[in-house]
Amino acid sequence: MKNINLEIKAEEDAVPFMDLLLLADPSPAMIMDYLADGTLFSARWDGVVVGVFVLMHIDDVKWELKNIAVAPEWQKKGVGKALLQAAIEEARREGAKLLDVGTGNSSIDQLAFYQKMGFRMRRIAKNYYTLNYPEPIYENGIQCRDMVVLTLELTEGGDG
Ligand code: COA
């Protein structure tokens, strides 16, 4: 679908967006934890909420995308790509030089999604999900144990 024109807005109250946030992260406790320090953005298309993302300031150069989700009925239409582009622009506007995102070893679709947008694998946080999540997570028949951290360089010509 072409011409996706998202209206991006910082939100104070996360409650109306919890269902969306839970699509990307099964742990309400982890979500509440990073919402305390991060900024939640909603994305509307023609007035309808189609997705969310959460950005967190890490240090002078780095920001982290803690959550990104598109409402199920809006997925696979290019909204995720537009949403990720909006998150990248927001991080850049804040002065970030690097944008990190972490995803599970089992999150095959998401690994494709981020790499198609230019993110490159940087490190693996072994046992991140087994240590930080109370219930085992399975996707694509694989247990989600390790976090793959991908980074996008936001400086001109940066390719890691
Ligand atoms: N397998 C391979 N590539 C995929 C894919 C899949 N299942 N889903 C999306 N992609 C690719 C698309 O092919 C597209 O690339 P293209 O432009 O080369 O065709 C690109 O990713 C963007 O697709 P888009 O339609 O914009 O994605 P989307 O609107 O479905 O959003 C997510 C992608 C991941 C944000 C969405 O599926 C989602 O909200 N999932 C649940 C929450 C989640 O997992 N969040 C990430 C947590 S790490």
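Fair warning: this is a prediction, and the values are worked out from it, not measured in the lab. Computed from heavy atoms alone, side chains included, the values below leave out hydrogens, waters and symmetry copies. Note that ligands are numbered from 1 as they come in the structure, with each ligand's atoms numbered from 1 the same way.
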**Request:** Note the single closest protein heavy atom to atom 45 (N) of ligand 1, along with its residue, its atom name and the distance in Å.
**Result:** Ile68 O, 2.8 Å

**Request:** Identify, by atom number and element, the atoms of ligand 1 in contact range of Leu23, meaning under 4.0 Å from any of its heavy atoms.
**Result:** 41 (C), 42 (C)

**Message:** Does this structure show an ion pair linking Arg92 with Glu89, if we count only N-O contacts that are shorter than 4.0 Å?
**Reply:** no

**Complete:** Near Gly78 (heavy-atom distance under 4.0 Å), the atoms of ligand 1 are 24 (P), 25 (O), 26 (O)

**Message:** Under a 4.0 angstrom heavy-atom cut-off, which atoms of ligand 1 come close to Tyr114?
**Reply:** 46 (C), 47 (C), 48 (S)

**Prompt:** At a 4.0 Å cut-off, with the gap strictly under it, does some heavy atom of Ser107 reach an atom of ligand 1?
**Reply:** no

**Asked** In ligand 1, which numbered atoms sit nearer than 4.0 Å to a non-hydrogen atom of Gln110?
**Response** 43 (C), 44 (O), 46 (C), 48 (S)

**Message:** For Ala43 versus Leu6, what's the shortest heavy-atom pair and its separation?
**Reply:** CB-CD1, 4.1 Å

**Request:** Just do the salt bridge (charged side-chain N to carboxylate O under 4.0 Å, His left out) check on Arg44 and Glu11 with the steps written out, would you?
**Result:** CA-CA 12 Å; Arg44 286 175 178 75; Glu11 301 284 353; 3.4 Å; yes

**Prompt:** Which atom names give the shortest non-hydrogen contact between Ala91 and Leu99, and what distance separates them?
**Reply:** CB-CD1, 4.1 Å

**Asked** Would you say ligand 1 has an N or O under 3.5 Å from any N or O of Gly102?
**Response** no

**Item:** Distance from atom 29 (O) of ligand 1 to nearest protein heavy atom, with residue and atom
**Value:** Gly80 N, 2.7 Å

**Asked** Looking at atom 26 (O) of ligand 1, what's its closest protein heavy atom, distance included?
**Response** Lys81 N, 2.7 Å

**Qualifying residue for side-chain contact (heavy atoms from CB on, under 4.5 Å) with Phe53, from Asn67, Leu84, Leu83** = Leu83

**Request:** Among all protein heavy atoms, pick the one closest to atom 8 (N) of ligand 1 and tell me residue, atom and distance.
**Result:** Lys76 NZ, 3.7 Å

**Asked** Any chance the side chains of Tyr34 and Asp25 put a donor and an acceptor closer than 3.5 Å?
**Response** yes

**Prompt:** How does Lys77 reach ligand 1, by side chain, by backbone, by both or by neither, if only non-hydrogen atoms under 4.0 Å count?
**Reply:** backbone

**Request:** Would you check the N or O atoms of Lys116, main chain and side chain alike, for any that come under 3.5 Å of an N or O of ligand 1?
**Result:** yes

**Prompt:** Of the non-hydrogen atoms in Lys97 and Thr155, which two are nearest, and what is the gap between them?
**Reply:** CD-CG2, 3.5 Å

**Message:** Side chain or backbone, does Ala24 bring an N or O within less than 3.5 Å of an N or O on ligand 1?
**Reply:** no

**Item:** Residue, atom name and distance, where the atom is the protein heavy atom closest to atom 20 (C) of ligand 1
**Value:** Phe113 CD1, 3.9 Å

**Request:** Please indicate whether any nitrogen or oxygen in Ala69 is less than 3.5 Å from any nitrogen or oxygen in ligand 1.
**Result:** no

**Request:** Among all protein heavy atoms, pick the one closest to atom 4 (C) of ligand 1 and tell me residue, atom and distance.
**Result:** Asp109 O, 4.4 Å

**Request:** For a side-chain contact (heavy atoms from CB on, under 4.5 Å) with Lys66, tell me which candidate from Ile31, Leu40, Leu55, Val54 qualifies.
**Result:** Val54

**Prompt:** What protein heavy atom is closest to atom 2 (C) of ligand 1, reported as residue, atom name and distance in Å?
**Reply:** Ala112 CB, 3.8 Å

**Atom indices of ligand 1, in the order listed, that fall short of 4.0 Å to a heavy atom of Thr103** = 48 (S)

**Request:** Look only at the side chain of Ser107 and the backbone of Gln110, and say whether a donor-acceptor pair between them is shorter than 3.5 Å.
**Result:** no

**Item:** Pair Arg122, Thr151: side-chain N/O donor-acceptor within cut-off below 3.5 Å
**Value:** yes

**Prompt:** Counting only N and O atoms by type, is there a donor-acceptor contact under 3.5 Å from the side chain of Asp33 to the main-chain atoms of Pro28?
**Reply:** no

**Message:** Ignoring hydrogens, what is the shortest heavy-atom contact between Ala24 and Ala69? Give both atom names and the distance.
**Reply:** CB-CB, 4.3 Å

**Complete:** heavy-atom search around atom 40 (N) of ligand 1 in the protein gives Gln75 NE2, 3.6 Å

**Prompt:** Does some non-hydrogen atom of the protein lie less than 4.0 angstrom from atom 31 (O) of ligand 1?
**Reply:** yes

**Asked** Do you know the tightest heavy-atom contact between Lys126 and Asp146?
**Response** CA-OD1, 3.4 Å

**Request:** Please check if a non-hydrogen protein atom sits closer than 4.0 Å to atom 6 (C) of ligand 1.
**Result:** yes

